[in-house]
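Report on one structure; see the data block that follows.
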Amino acid sequence: MKEELAAFPAIIGANLIGKRILYWPVLVSTMATARQMAEAGVDEGTVVIAGEQTGGQGRMGRVWLSPKGSLNLSIVLCPKLEKLPYLNMAAALATSQSIKDIAGIEVEIKWPNDVLVRRKKVAGILVESRITKEHLLYAIIGIGINVNFPAVTLGELSQRATTLSDEVGTAIPVSELLKKLLLALDKLYFAPSEEIYQRWSKSLITLGQRVCLQIDGSKYDGIAEAVDREGSLLLRLDDGRLLIMPAGEVTSFISI
Ligand code: BTN
């Protein structure tokens with residue numbers, strides 16, 4: 001069953017993102033539905049929301065658990081190719097800012113895209129795109145937020161993940177959170193890329209930290225020195241070399 005989210009015929013004041021919102025109580029994955037719509041030529045800025053996902057997709061082909069009480073959305077966009085790296089940055093900034101505003105708690109961003117509360121993951125971001133011959137056909141931003149359910153629902157993951165209701169001790173008004181998030185993202189989408197990059201890089205807790213990352217079988221220890229405008233991490237290895245690490249290649253990333 002497809003329904004327009006009753007309280008959100010459209011976000012008033014939105015330039016693009018949130019002018020059309022489609023809601024399903026349950027989907028396999030909002031990414032899969034948004035992808036089908038993008039292929040069929042849906043309007044740019046369309047937001048696909050599911051109250052629950054049965055096959056939520058995380059980064060690196062991982063599963064994203066999204067039980068009832070989670071907020072799961074994908075947004076179809078058609079930016080210029082050079083804007084692509086900034087989508088992840090804008091999504092992380094909009095997600096953390098809207099959580100801060102609605103839940104009134106401190107939120108941190110861990111490279112490349114984890115949104116944390118008290119060092120536990122509360123939201124994740126996934127950007128996928130279809131590119132042909134140097135031309136971007138569409139990009140989809142996927143955002144999953146653990147809103148109103150107990151973190152124990154996530155099983156073993158609850159050691160590293162939390163939910164907003166657990167953190168605040170009460171239910172969070174999900175429609176207000178959604179509205180703030182979409183308005184913030186809509187604004188950032190039209191902001192200069194340099195501004196997005198500067199804000200994102202300043203808000204990363206990762207920089208200056210000692211980290212260990214894994215790419216396939218190899219392990220690298222060093223200090224996370226900076227991020228570049230592609231969103232890659234600049235890692236100063238213990239032997240002095242500088243490793244430029246694109247987010248998409250890292251299989252495991254921990255602070256040590
Ligand atoms: C991550 O691994 O941190 C990224 C998780 C992204 C999850 C969101 S939930 C909405 C959208 N639909 C999906 O299947 N995945 C993304």
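All residue numbers refer to positions in the sequence shown, counting from 1. Just so you know, ligand 1 is whichever comes first in the structure, and atom 1 is the first atom listed for that ligand. From a predicted model like this one, the values you see are computed outputs, not experimental measurements.
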Point-to-point distance, once rounded to the nearest 0.5 Å, from CG of Leu81 to CD1 of Ile131: 5.0 Å

Top protein contact for atom 2 (O) of ligand 1, by heavy-atom distance: Arg59 N, 2.7 Å

Inter-residue atom distance Ser129.OG - Leu77.CG, 0.5 Å rounding: 11.5 Å

Thr95 side-chain N/O to Ala91 backbone N/O, donor-acceptor pair under 3.5 Å: yes

Atom indices of ligand 1 within 4.0 angstrom of Leu73 heavy atoms, with elements: 10 (C), 11 (C)

Lys120, Arg118, Glu167 screened by side-chain hydrogen bond (donor to acceptor under 3.5 Å, both in side chains) with Thr162, the one that passes: Glu167

Residue-ligand contact Arg62/ligand 1, heavy atom below 4.0 Å: no

Rounded distance (nearest 0.5 Å) linking atom CD of Gln57 with atom OG1 of Thr30: 8.0 Å

Per atom 3 (O) of ligand 1, closest listed option by heavy atom (Gln53, Lys121, Gln57): Lys121

Check: Tyr220/Gln214 side-chain N/O donor and acceptor closer than 3.5 Å: no

Element-labelled atoms of ligand 1 that are located less than 4.0 Å from some non-hydrogen atom of Ser74: 11 (C)

Ile141: which of Leu87, Asn88, Leu73 passes side-chain contact (heavy atoms from CB on, under 4.5 Å): Leu87

Residue, atom name and distance, where the atom is the protein heavy atom closest to atom 11 (C) of ligand 1: Thr30 OG1, 3.1 Å

Enumerated ligand 1 atoms positioned under 4.0 Å from heavy atoms of Ser29: 12 (N), 13 (C), 14 (O)

Nearest neighbour in protein (non-hydrogen) for atom 8 (C) of ligand 1: Gly144 N, 3.6 Å

Shortest protein contact, atom 5 (C) of ligand 1 (heavy atom only): Trp64 CE3, 3.4 Å

Ser66 heavy atom under 4.0 Å from ligand 1: no

Residue among Arg160, Lys121, Arg59 satisfying salt bridge (charged side-chain N to carboxylate O under 4.0 Å, His left out) with Asp114: Lys121

Proximal ligand 1 atoms for Gly56, defined as those under 4.0 Å from one of its heavy atoms: 14 (O)

